[in-house]
Amino acid sequence: MSDILLEMRNVEKSFPGVKALDGAQLKLRRGTVHALMGENGAGKSTLMKCLFGIYEKDAGEVLLDGRPVSFKNPKDALENGVAMVHQELNQAMTRNVMDNIWLGRYPLKFGIFTSESEMYKRTAEIFKSLGLTVDPASPMKKLSVSTRQMVEIAKAVSYGAKVIVLDEPTSSLTDEETERLFRIISMLKERGCGIIYISHKMEEIRRISDDVTVMRDGRHIETDRTENMPMEKIIKLMVGRELKERFPEKTGEAGDVILEVKNLTAEHSHVKDVSFSVRAGEVVGIAGLGGAGRTEVLETIFGIAERRSGEIFLYGKPVRNKNPIESIKNGFALITEERRRDGIFGILDITENTVVSSLDKYRLGGVLLSEGKMKSETDRMIAAMRIKTPSKSAKIRSLSGGNQQKVIMGRWLLTDPHVLLLDEPTRGIDVGAKYEIYSLILELASRGRAVIMVSSEMPELLGICDRILVMSGGRLAGEVRTADTTQEEIMELAARFA
Amino acid sequence: MDRSNKFLSGITSYRQMSREDRKRYRREKLVDNSLYIFLVGAIILIQILNPKFLSLPSVVNIISLSAANLPIALGIAGCIILAGTDLSAGRIVGLTACVSASLLQMAGYAGKMFKNLDTLPVWLVFLIVIAIGGLIGLVNGFCTAKFHLHPFIVTLATQLITYGILLMYLMNGDNNGQSISGLDEKYTRFITGSLIRFGDVAIPNYVLYSLIVVVIMWVIWNKTTLGKNMFAVGSNEEAARVSGVNTTATVILVFMLAGIMYGITGFIEAARIGSNSASTGLNYELDAIAACVIGGVSFVGGIGKIRGVITGVVLLRIIFVGLTFLRIDSNMQYVIKGLIILVACALDMRKYLVRK
């Protein structure tokens, strides 16, 4: 048996007007984790789609265990031991765990009846071998994202997968859940599986990958052992230019208190007794484990989630913020966590996505909307946010994640917010675009606004926030100044009421 | 064992709740079960106002009418689980009822549609009408799956087509659009005769047939690949496709199965009513859809249970019969039915809403 489990050679793929892949290569060694790196649009997902037969490649070869293969569709790949766990998990949420695992190949008895007991038994065996404690009969919708991901990995294992592609697997996981994922990954490595690991998180890549392949503009740039690829080098290869700093410089001083939250307690979530204040020009981070109630705090402030008690003061005056309409009127803005679900209007164009929260501004004579005004404001935002798009009438879903996020930031800046609430603003966004988002956040703060930002990426909180509130079990566990804290201190606080 | 443990742990956790939480818990439970609470309340009220309501003949009547409507509701439920619907159901019932009746008129009956035709065996006609239902279901499923049309549109079209065919069929021979009656005795006896009786009160055979249909449908939904695929496609079509489920075949088969169910309904309906015309089956799909949603078959797709469909059908029937027992004006009955559907579904939807 050769050391190389999967090899993709000189893969080419063109779409009308673009060469998406141009001599892409990948060599996955048995029993290793291979990080596939590149900015959004570098061709990583196109390459994977060619592997799984979702796209037909124009040229090139795929060798699995030395044999040339060409999969017709994801199911064909799966049956040949090549599986993919997508970032957006594609599961039948109203069904239970084992129904999802055996979907498309239910074990039968007497040739026609599905055998629940067999499904249960075999699922339980796989879970046990992976050290998972999930009831095979529990409904999918009751599980956390992380557990659902584990189920997806277990499904791959049940197919006897040798190659498993993990696409941004930790983007919605907490640190603790990430550790659990890493344990399972090392278990799979020991079994001789090869893992293709797609992620934008440098710290993670350094920790778990054995090899790194960098792609740019659909081309293979470099492959080497991870120990020979320092972070700066990877970033440089990805971006194609030297990116000196990962975080922009912070300027400006904090002014008067803009927002004050006192004893905030939510009606339906466990958020309890949260108090803090934010000054003009400040960026305040909210850290914590998943389920600590970070998103819920933002939602309660913004009036999406019902408030049981507590008060919110803006410039010293109490505000109700009973629902988003009221909150926007009061000068609040919320950029939500799940961009695709509740951020963008996918099939609408950039103009419509940009002006949707500030439509009142474009009224002509009180009723009709001025097309011209909306277009000029959109153009202004495209320029100000440095949004890369062919035109303002492009559908927003055709843009990369980073550019979509910039459109959404532009949307909210048009409402002229005094308090900007950001929930995981850089999730699934590549390094270059992250830097630009950070710059936009800091620029807004320097204009005397208050910014509150929830993030699971500790380096980015430490990189751009002035202070960090640490939440644990729905409560505020502590507050630290970024200048004189450490990751360890924050982790300790995060575990306080967990 | 498992169940009793769950119950015990439920009690313990209730004891550990704070007073405020207990109050909220009780309120939640009350709302969750409000449908049943309402039902019990309604039954008690109707019973007080008209003590004949819960008499044996009345109860058997409710059961019989429910049984007659069960197959069509079970068929439509499958389409709803696929996140679709079926508007053609009622007209398919009408067509299959008229075909059954016309092929099973007694020999020598003056208004017989096919004068020269001997009365066919009952089983053969049964097979013919479920084939007709299945064929229209096949068209519905094929257009939905292959042309990626919403079933609402497809079945709106086939509803009209089926009605047109039904009207043309009724012009056969000297019939000239008249209603079809004078059914052969072995047919009516097969459907409306009774093997089981309670004293004076007979339970018609079609209740039995309906029960068999329920059992078969339960097995298909829960114990076969088709059933599981149906739920998977309704829940997340893309996930089903990449897992290797033949989604096209699943959609077509579910609609065909539904068509067969309408055929069975038509076959029962023809003998139950005795005289069938172009208006047989009119709006049956609406009652069936209402019963499904009341019984918790969700339009979101992928959610539904056989026992829910049965509950919905029976509940709707109790209300219909109850309104008649209360001598409520028949025009007003429509208003009340509409309100009940709205309230029931609003209450049911609460279970699926994630509250923040």
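Every chain is numbered from 1 and lettered A, B, ... according to where its sequence line falls, protein lines coming before strand lines.
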Enquirer: For Arg307(B), look at atom CZ and say whether over 12 heavy atoms of other residues, nucleotides or ligands are found less than 6.0 Å away.
Expert: no
Enquirer: Looking at Ile325(A), I want to see if its CD1 is surrounded by more than 12 non-hydrogen atoms of other residues, nucleotides or ligands under 6.0 Å.
Expert: no
Enquirer: Between Thr94(A) (side chain) and Gly302(B) (backbone), is there a donor-acceptor pair under 3.5 Å?
Expert: yes
Enquirer: I need the Thr224(B) OG1 to Ile112(A) CD1 distance, nearest 0.5 Å.
Expert: 8.0 Å
Enquirer: Between the side chain of Thr114(A) and the main-chain N/O of Lys223(B), is any donor-acceptor distance below 3.5 Å?
Expert: yes
Enquirer: Measure Lys109(A) against the heavy atoms of chain B and call it side chain, backbone, both or neither at under 4.5 Å.
Expert: neither
Enquirer: Between Met93(A), Arg308(A), Glu79(A), which residue shows the highest count of heavy-atom pairs closer than 4.5 Å to chain B?
Expert: Arg308(A)
Enquirer: Please check if the number of heavy atoms outside Ile347(A) that lie under 6.0 Å from its CD1 is greater than 12.
Expert: no
Enquirer: Between Asn222(B) and chain A, with a heavy-atom cut-off of 4.5 Å, which part of the residue counts as in contact: side chain, backbone, both or neither?
Expert: backbone
Enquirer: What residue in Val233(B), Val245(B), Leu226(B), Thr225(B) has the most heavy-atom pairs under 4.5 Å with chain A?
Expert: Thr225(B)
Enquirer: Quick one: does any side-chain atom of Lys75(A) pair with a main-chain N or O of Val242(B) as donor and acceptor, under 3.5 Å?
Expert: no
Enquirer: At a 4.5 Å cut-off on heavy atoms, which part of Phe52(A) comes close to chain B: side chain, backbone, both, or neither?
Expert: neither
Enquirer: Among the options Gln91(A), His86(A), Arg95(A), pick out the one with the most heavy-atom pairs lying under 4.5 Å from chain B.
Expert: Arg95(A)
Enquirer: With a 4.5 Å cut-off on heavy-atom pairs, point out which of Tyr159(A), Phe113(A), Trp102(A) contacts chain B the most.
Expert: Phe113(A)
Enquirer: With only heavy atoms counted, which part of Leu103(A) is less than 4.5 Å from chain B, the side chain, the backbone, both or neither?
Expert: both
Enquirer: At a 4.5 Å cut-off on heavy atoms, which part of Asn73(A) comes close to chain B: side chain, backbone, both, or neither?
Expert: neither
Enquirer: So what's closer than 4.5 Å to chain B heavy atoms on Leu108(A): side chain, backbone, both or neither?
Expert: side chain
Enquirer: Taking all non-hydrogen atoms of both residues into account, name the closest pair between Ala92(A) and Ala239(B) and its distance.
Expert: N-CB, 4.3 Å
Enquirer: Heavy atoms, side chains only, cut-off 4.5 Å: are Met140(A) and Ser235(B) in contact?
Expert: no
Enquirer: Any chance you could measure Lys228(B), atom NZ, to Glu116(A), atom CD, to the nearest 0.5 Å?
Expert: 3.5 Å
